[in-house]
S.K.: 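First the structure, then my questions, so here it is.
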Amino acid sequence: MNALTFTRLVLASSYSFILALAGAMGEGSPCTPTNDHLDPLSHKFLSDCTTRTFCSPPSSPNGNWTCVPRLCRRDEYPFGYPFDVILPPMCAEGRFCPDQGSGCLQKLPLGSKCQMGRDEQCSSEDVVLCLKETCVSATASLGDPCLRDETTYIEPGVNGQQFSNIIVRDSCHAPSFFCDPATNTCVQSKPLGAECSHDAECQTRLCITNRCITSPTDPINVPAWQYTLTIACIISAMAATTVAITMVHRRHRYRNYIETRDYYFEQISLRRSIIAMHAAAVDKGNKGMSKKA
C-alpha cells in the first residue's frame, strides 16, 4: 500500500461518520453554520441541513440557527427535489447563488474569495476563474507568472472501490498556454500527439493515455484530396453500376431472343411436317382413286 492509498483510506474512515450525518436536518431543525464544509474526497458541499434547506441565522439575538428552504439554485435541475415541488429561482445576470443556497449575491471582483470551483461567482469581465478559492484573471501570456490549481476528486465506484479524477486549471490564456508547475510560468501548449500529463497541457484540452488527442467537439477538417478521391470513387461506382446493369440487360434480352427464335423455328418445322404429312395423305388418296378407275 503506497502513501496515497493510505491517505485516502484514512480520510474516508475519518469522515464516514460526518458524511452519514450530513444533511440529516430538515426544515425547522436547529443547525450549526460551522458544520458547513466540503467533503474532503468529493469536494461536495455538506451541512447539517438537507439539500433543499440551508442553515439560516436567527431572527432574534437569543434565537437559534435553523434550517430553512433555500432561496436560490445554481443548476437548472438541482439534486434532491421531487417533481411536484416548486424549485427556488435561479439568479439574474450579474449575480450568483452560493453553495448554501442562502440567496443571490453580487458577483465578486478580482482578488475576492470565492467558493471552490465556482467560476460563475467571479466578475464576468474578460476571462476570470476561481483558482484556489480566489477570483483570478486567466489571461496570462507566454512567460508570465501563473497560478496553478490542482484538485483531486475521489468518488466511490463499483463494489465500493474508489476512483479519482484530477482536474488541473491555471491562470494562463487557454488554449494557447498552460502553467508549467516547475517554473510557475506560462508556456506554449502541447500540439496534437505530444506527451502530456493533464488536459490543460494540450492545445485541444484533452489528454488521454498521456497523449494529446483531438477533442470530440472539434470539427473535422477534410483535406481537398480526400474530397477529390471520394467524388472520383462515387463517379466510378456509378459508372461501373451502369455498365453492369446494361450488360446484364443485354444478356437477358439476348437470351430471350434465342428462346423466341428457337420457338418460331420449332413452330415452322412442326408446320412443315404437318403440311408434308397432309400432302402425302392427299397424294396417297389420289393414287388409290386412280387404281380403282
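This chain uses plain numbering: 1 for the first residue, then up along the sequence.
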S.K.: SG-SG distance between C202 and C212 under 2.5 Å?
M.R.: yes
S.K.: Enter the distance from T214:OG1 to Q203:CD here, rounded to the nearest 0.5 Å.
M.R.: 11.0 Å
S.K.: Answer yes if F177 and V187 sit in the same cluster of Ile, Leu, Val, Met, Phe, Trp and Tyr residues linked by side chain heavy atoms under 4.5 Å apart, and no otherwise.
M.R.: no
S.K.: Please step through side-chain contact (heavy atoms from CB on, under 4.5 Å) for the pair V136 and L129, ending with a clear verdict.
M.R.: CA-CA 5 Å; V136 178; L129 301 178; 5.7 Å; no
S.K.: In the single-linkage hydrophobic clustering (I, L, V, M, F, W, Y; side-chain heavy atoms under 4.5 Å), do F79 and F83 co-cluster?
M.R.: no
S.K.: Between S29 and C67, is there a donor-acceptor pair closer than 3.5 Å when you use the side chain of the first and the backbone of the second?
M.R.: no
S.K.: I154 versus S164: any side-chain heavy-atom pair under 4.5 Å?
M.R.: yes
S.K.: Kindly compute the distance separating CZ (R118) from CG (D99), expressed to the nearest 0.5 Å.
M.R.: 4.5 Å
S.K.: Do the side chain of D149 and the main chain of K132 share a donor and acceptor less than 3.5 angstrom apart?
M.R.: yes
S.K.: L108, L110: one ILVMFWY side-chain cluster at the under-4.5 Å cut-off?
M.R.: no
S.K.: Which heavy atom of C186 sits nearest a heavy atom of S141, and at what distance?
M.R.: CB-O, 3.0 Å
S.K.: Should L131 and M116 be regarded as members of a common hydrophobic cluster, given that ILVMFWY residues are connected when their side-chain heavy atoms come within less than 4.5 Å of each other, either directly or indirectly?
M.R.: no
S.K.: For the residue pair R70 and T53, what are the closest heavy atoms and their distance?
M.R.: NE-O, 3.3 Å
S.K.: State, to 0.1 Å, how close Q115 and C130 come at their nearest heavy-atom pair, and which atoms those are.
M.R.: O-SG, 3.2 Å
S.K.: Checking the side chain of R148 only, and the main-chain atoms of F178 only, is there a donor and an acceptor separated by less than 3.5 Å?
M.R.: no
S.K.: Evaluate the side-chain proximity of D119 to R169: yes if any heavy-atom separation is below 4.5 Å, no if none is.
M.R.: yes
S.K.: In terms of hydrophobic clustering (I, L, V, M, F, W, Y; side-chain heavy atoms under 4.5 Å; direct or indirect links), are Y153 and F45 co-clustered?
M.R.: yes
S.K.: Determine whether a donor-acceptor pair (N or O, by modelled atom type, separation under 3.5 Å) exists between the side chain of D199 and the backbone of C207.
M.R.: yes
S.K.: Is the side chain of K190 donor-acceptor paired with the backbone N or O of E195 at a distance under 3.5 Å, no angle test?
M.R.: yes
S.K.: In Å, rounded to the nearest 0.5 Å, how long is the span from SG of C91 to NZ of K107?
M.R.: 10.0 Å
S.K.: Could you state the interatomic distance from CG (L229) to CD1 (I234), rounded to the nearest 0.5 Å?
M.R.: 10.0 Å
S.K.: Can you confirm whether the side chains of S137 and T139 place a donor and an acceptor under 3.5 Å from each other?
M.R.: yes
S.K.: Tell me whether R74 contacts the main-chain N or O of C97 through its side chain, where contact means a donor paired with an acceptor under 3.5 Å.
M.R.: no
S.K.: Kindly say whether F265 contributes a backbone atom to a donor-acceptor pair with the side chain of S269 at under 3.5 angstrom?
M.R.: no
S.K.: So, for S189 and R205, which heavy atoms are closest and what is the spacing to 0.1 Å?
M.R.: OG-NH1, 3.7 Å
S.K.: Inspect the surroundings of CD1 in I86 and state if more than 12 heavy atoms from other residues, nucleotides or ligands are less than 6.0 Å away.
M.R.: no
S.K.: Looking at C104, is its backbone amide N or carbonyl O close enough to the side chain of R95 to form a donor-acceptor pair, meaning the two atoms are under 3.5 Å apart?
M.R.: yes
S.K.: Check this for me: Q267, atom CD, are more than 12 non-hydrogen atoms of other residues, nucleotides or ligands nearer than 6.0 Å?
M.R.: yes
S.K.: Looking only at non-hydrogen atoms, find the nearest pair between D170 and C172 and report the distance.
M.R.: OD1-N, 3.0 Å
S.K.: Just by distance, do the side chain of D48 and the backbone of T32 share a donor-acceptor pair under 3.5 Å?
M.R.: yes
S.K.: Roughly how far, to the nearest 0.5 Å, is CD1 of I166 from OG1 of T152?
M.R.: 4.5 Å
S.K.: May I ask you to test the P30-W65 pair for a side-chain heavy-atom distance under 4.5 Å?
M.R.: no
S.K.: Taking SG to SG, are C49 and C31 separated by less than 2.5 Å?
M.R.: no
S.K.: With side chains defined as the heavy atoms from C-beta onward, is the minimum distance between L38 and K44 less than 4.5 Å?
M.R.: no
S.K.: Spell out, as yes or no, whether a donor-acceptor pair under 3.5 Å connects the side chain of S56 to the backbone of T66.
M.R.: no
S.K.: Does some side-chain heavy atom of P216 sit less than 4.5 Å from a side-chain heavy atom of L206?
M.R.: yes
S.K.: May I have the step-by-step check of side-chain contact (heavy atoms from CB on, under 4.5 Å) for I213 and T204, ending in yes or no?
M.R.: CA-CA 7 Å; I213 66 172; T204 58; 5.5 Å; no
S.K.: Which pair of heavy atoms, one from F96 and one from Q121, lies closest together, and at what distance?
M.R.: CD1-CG, 3.2 Å
S.K.: Side chains of R250 and R253, heavy atoms from C-beta outward: is any pair under 4.5 Å?
M.R.: no
S.K.: Are there over 12 heavy-atom neighbours, none belonging to R261, within less than 6.0 Å of that residue's CZ?
M.R.: yes
S.K.: What's the spacing between L270 CG and I274 CD1 if we round to 0.5 Å?
M.R.: 4.0 Å
